[in-house]
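Structure first, then comments.
Below, chains carry the letters A, B, ... as their sequence lines are ordered, and counting in each starts from 1. Just so it is clear, the model here is predicted, and its values are computed rather than measured.
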Amino acid sequence: MNPARRLIARIDVKNNFVIKGIHLEGLRKVGDPNELAKKYYENGVDEIVFMDAVAAYYDRNSLSEIISQATDNIFIPIMVGGGIRSVSDITSALNSGADKVAINTAAIRNPTFLKEGSEVFGSQCIVSSIDVKKEGPNSWRVYFDNGREPSRFMLEEWIELVQEMGSGEIVLTSIDREGTKKGFDQDLARFSSKRSSIPLIFCGGIGKLSHVIEMSGIEYDALAVASVLHYENLNIQEIKEALDKK
Amino acid sequence: MRKHILVLDYGIGNIKSIMAAFKKFENNVLLGSANKDFANAKALIIPGVGAFRHGMEKLKVNKLDTRIREFAQENRPIMGICLGMQMLFSSSQEFGESAGLNLIEGDVIRLSPKQKHKLPNISWSEISSSYISEPLLEGINQSDKFYHIHSFYAEPKSREHILAKTKFFDKSYCSIAKKGNIFGCQFHPEKSGEQGLKIVKNFVNISNTHE
């Protein structure tokens, strides 16, 4: 029996507010992170990811307090990303109550950081957050600093490398689709699905149920959504039902 | 007099979530590892995520392995969660053979269904049990799902120590082990929503009954 695909609520945080942009830019305030997280938990979401939207850009990390408060009332896995740069950053995220950390910029700068993290904390704790922009047919470049900077890596070599470095999961975001509500890039979904031997989370772009259903033939493990939940366009149970369709 | 539930502090594991979950049902939850913490504990929780060998080394540093064995001999309730469950067993094949606490006979082996699969198994999965009147599973329904995240699992040598099983592709494996008052839980009850909290609550009740 294949395990059911997970539904993850993604909450981007800036200065203690939930924000949401388009293509990871043009951020708008949409609410309080802990209130939203609690609501999504009560409505049956499988996991929550808090992303510090500007941490990688300004080299800082400010989510600890939010996570710490969340773990007192929310009894599902919590992932934290944004500005995780060192083993001590991981330790502090875990001590605040996070179960996993999503690492992007720091891994692009130094891929062995993933290895270091997975050796100390275990692979299950180290998630590679990969942001990509399309450059041509079946060709995507990996970006860092919250989608601002192109890296030297193309998607397929980067997927291979992060697996080799001991990542336990991948969260893949299409910068082209992020916040657009046009659906996840299907070509990207198929392309990455074939290349990932660890659980794969698709993130960004979901605007309606048909976007979820159109991906039912593709092998992936979890879907992360933000806008559709924040703006109450869709509810958690209907998305989970759509994820279950084979 | 034995008062608290002791959450073992040995530098490994998602301590904060476990503390928060147990505190919902028990006022006196203590994080610690000192002799006196063991002496006054009515029950012991062994948390843990990560690699087996690393976990065992951490336990041995302060002779916590000996304390845990003594605790078990006195028949006080113990619950190991995830890696904490695996370490209750005799040995593990993760990164070469290494010895465990040997409180439940059996080995920790890699999860390997015949069908094409990914590891780690990160999923919300149902558990099945033939023990309907088991206090730990009170209030749990067959359709309830629990959060699993692991690549290895513990296989008890004796089938009577398997309290519940989880199915991952075509592979059915032990996800709750029980031997007397020693319980091991492969999934994370503290991360499995309201249904997970029922298991936490049931274990607290077991600790109080035993007291």
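Interface remark: A:Glu42 contributes no atoms to any contact with chain B (heavy atom separation under 4.5 Å). In this structure, the portions of A:Asp72 lying under 4.5 Å from any heavy atom of chain B include both its backbone and its side chain. With a 4.5 angstrom heavy-atom cutoff, A:Ser68 touches chain B via backbone and side-chain atoms both. Only the backbone of A:Asn95 comes within contact range of chain B, judged by heavy atoms closer than 4.5 Å. Heavy-atom distances place the side chain of B:Lys145, and not its backbone, under 4.5 Å from chain A. Of the two parts of B:Leu197, only the side chain, counted from C-beta on, holds a non-hydrogen atom closer than 4.5 Å to a non-hydrogen atom of chain A. Of the two parts of B:Lys16, only the side chain, counted from C-beta on, holds a non-hydrogen atom closer than 4.5 Å to a non-hydrogen atom of chain A.
In A:Phe17, the CZ atom is not crowded: 12 or fewer heavy atoms of neighbouring residues, nucleotides or ligands sit closer than 6.0 Å. The 12-atom threshold is not exceeded at CG of B:Asn27, counting heavy atoms of other residues, nucleotides or ligands nearer than 6.0 Å. For A:Glu214, the CD atom is densely surrounded, since the number of other residues' heavy atoms within 6.0 Å is greater than 12. For NZ of A:Lys39, the number of neighbouring non-hydrogen atoms (other residues, nucleotides, ligands) closer than 6.0 Å is greater than 12. Around atom CD of B:Glu97, more than 12 heavy atoms belonging to other residues, nucleotides or ligands sit under 6.0 Å away.
Between A:Leu7 atom CG and B:Trp124 atom CH2 the span is 11.5 Å, to the nearest 0.5 Å. Rounding to the nearest 0.5 Å gives a distance of 10.0 Å between CG of B:Asn14 and OG1 of A:Thr71. Taking CD from B:Glu194 and OH from A:Tyr41, the interatomic distance works out to 3.5 Å, rounded to the nearest 0.5 Å. Note that CD1 of A:Ile76 and CD of B:Glu190 are 12.5 Å apart. Values are rounded to the nearest 0.5 Å.
Applying the salt bridge (charged side-chain N to carboxylate O under 4.0 Å, His left out) test to A:Glu156 and every residue at least two apart in sequence or in another chain returns A:Arg195.
Of the listed residues B:Ile18, B:Leu83, B:Ile15, B:Leu119, the one with more heavy-atom pairs under 4.5 angstrom with chain A than any other is B:Leu119. Note: B:Ala20 leads B:Ser123, B:Ala20, B:Ala51 in heavy-atom pairs under 4.5 Å with chain A. With chain B as the partner, the residue from A:Arg6, A:Glu169, A:Glu47 showing the most heavy-atom pairs under 4.5 Å is A:Arg6. Of the listed residues (A:Ser123, A:Gly168, A:Ser118, A:Gly122), the one with the most heavy-atom contacts under 4.5 Å to chain B is A:Gly168.
B:Ile122 and A:Lys100 get closest at one heavy-atom pair: CG2-NZ, 4.0 Å. For the residue pair A:Gln124 and B:Val49, the shortest heavy atom distance occurs at NE2-CB, 3.6 Å. The minimum heavy-atom distance between B:Ser17 and A:Gly97, with the atom names listed, is OG-O, 3.6 Å. The two residues B:Lys118 and A:Asp221 make their nearest non-hydrogen contact at NZ-OD2, 2.8 Å.
Salt bridge present: A:Glu219 and B:Lys116 bring a charged side-chain N and a carboxylate O closer than 4.0 Å.
Residues B:Phe169 and A:Pro3 are in side-chain contact: their nearest non-hydrogen atoms beyond the backbone lie under 4.5 Å apart.
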